[in-house]
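This report refers to the structure that appears directly beneath it.
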Amino acid sequence: MKTPAMPTMDRVLFTEEEIRTRVREVAAEISERYRGGNLKMVGVLKGSVFFLTALARELTIPVKVDFLAISSFSNHSGAPGVVRIAKDLDDSIEGEDVLLVEDIVDTGFTARYLMQTMAGRGPNSIALCTMLDRSARRILPLRIDFRCFEIPDRFVIGCGLDYRQLYRNLNFIGVLKPD
Ligand code: IMP
Ligand code: MG
């Protein structure tokens, strides 16, 4: 059967307009914080690409952009926590002001691992920016420097977030209807 272009949604959490407005606000905070600095945005493939590009276009300071990809594995009990870099950054981050850009911080395993790994590479500074924060499910405590939205404990799609690799391109964020 053909996959529908639109999934069955429980509800829309954030509309395209709401996201655009909030991304502008966060971009203004980032531009302010890093003015005169050496900002490099680091995106985590594939989910954060959509948010990162929207954010970068609203910044009023020059930035560099680099990407890495990760694989996360569940351990035997099905718990999250094993994260590995599957594709590393192209360039060194030594001496740079690194902003890790995530689509969503959930348990915190991914972001914590990446922040620690990058901190060990001699950046001038390192901060975390996420589009969504589902802090109700956090296992590892983590400081988030810039965040667009806090969300309830529901699985979401759109704006880079997928369900089985689909629906990343939706321009809103929605709660998928459980089947
Ligand atoms: P963490 O390591 O538990 O914080 O997981 C973060 C990663 O899990 C994100 O970067 C997403 O790739 C994925 N993820 C977590 N929640 C969702 C969701 O609601 N929709 C789609 N992907 C999600
Ligand atoms: Mg991700």
Side-chain angles (χ1 to χ4, degrees), residues 3-16 18-19 22-23 26 30 40-56 65-89 93 98-120 126-179:
T3 308
M6 274 290 196
T8 322
M9 303 293 306
D10 228 16
R11 65 196 159 107
V12 172
L13 270 188
F14 306 108
T15 64
E16 180 178 15
E18 287 168 335
I19 296 163
R22 186 66 191 127
V23 165
V26 172
I30 294 171
K40 177 176 277 183
M41 302 172 85
V42 167
V44 186
L45 297 170
K46 305 185 257 292
S48 80
V49 169
F50 297 75
F51 172 51
L52 185 148
T53 56
L55 191 61
V65 173
D66 205 347
F67 292 97
L68 52 76
I70 49 144
S71 330
S72 11
F73 303 94
S74 293
N75 64 23
H76 298 298
S77 61
V82 187
V83 183
R84 177 179 74 78
I85 293 182
K87 177 229 172 281
D88 209 335
L89 296 172
I93 54 171
V98 174
L99 183 63
L100 180 69
V101 180
E102 265 287 20
D103 47 4
I104 182 167
V105 178
D106 187 37
T107 62
F109 279 102
T110 309
R112 170 83 88 94
Y113 170 80
L114 292 175
M115 292 295 277
Q116 279 176 352
T117 303
M118 287 193 293
I126 177 150
L128 174 61
C129 173
T130 189
M131 179 173 69
L132 304 181
D133 181 5
R134 196 195 282 117
S135 59
R137 276 174 46 89
R138 194 82 81 252
I139 294 174
L140 295 181
L142 193 69
R143 192 188 80 230
I144 295 180
D145 301 276
F146 306 94
R147 149 195 26 225
C148 291
F149 302 107
E150 169 76 40
I151 62 161
D153 189 4
R154 300 292 307 276
F155 191 85
V156 293
I157 52 167
C159 288
L161 291 152
D162 71 301
Y163 171 66
R164 298 186 177 165
Q165 298 302 326
L166 285 169
Y167 310 125
R168 294 188 195 274
N169 62 318
L170 297 177
N171 56 19
F172 58 89
I173 293 167
V175 175
L176 191 67
K177 201 169 198 104
D179 16 67

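Start at 1 and go down the list; that is how both ligands and their atoms are numbered. Side chains are part of it too, since the values below use all heavy atoms of this structure and drop only hydrogens, waters and symmetry mates.
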4.5 Å side-chain heavy-atom contact, [X] and [Y]:
| X | Y | answer |
| --- | --- | --- |
| F172 | M9 | yes |
| I30 | M41 | no |
| R168 | V49 | no |

N/O separation below 3.5 Å, V156 to ligand 1: yes
Are any of the N or O atoms of G108 closer than 3.5 Å to those of ligand 1? yes
Can you name the atoms of ligand 1, numbered from 1 with element, that are less than 4.0 Å from a heavy atom of D162?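 Near D162, meaning under 4.0 Å from one of its heavy atoms, ligand 1 has 21 (C).
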Taking only heavy atoms of R134 into account, list the atoms of ligand 1 that are under 4.0 Å away from them. 16 (N), 17 (C), 18 (C), 19 (O)
Could you check which of D103, T110, V83 puts a non-hydrogen atom nearest to atom 10 (O) of ligand 1?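 Residue with the shortest heavy-atom distance to the ligand atom: D103.
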Start with the C-alpha distance between D103 and K46, add both sets of side-chain angles, then the distance that settles salt bridge (Lys or Arg N to Asp or Glu O under 4.0 Å), and finish with yes or no. CA-CA 9 Å; D103 47 4; K46 305 185 257 292; over 6 Å; no
Roughly how far, to the nearest 0.5 Å, is CZ of R147 from CD1 of I104? 12.0 Å
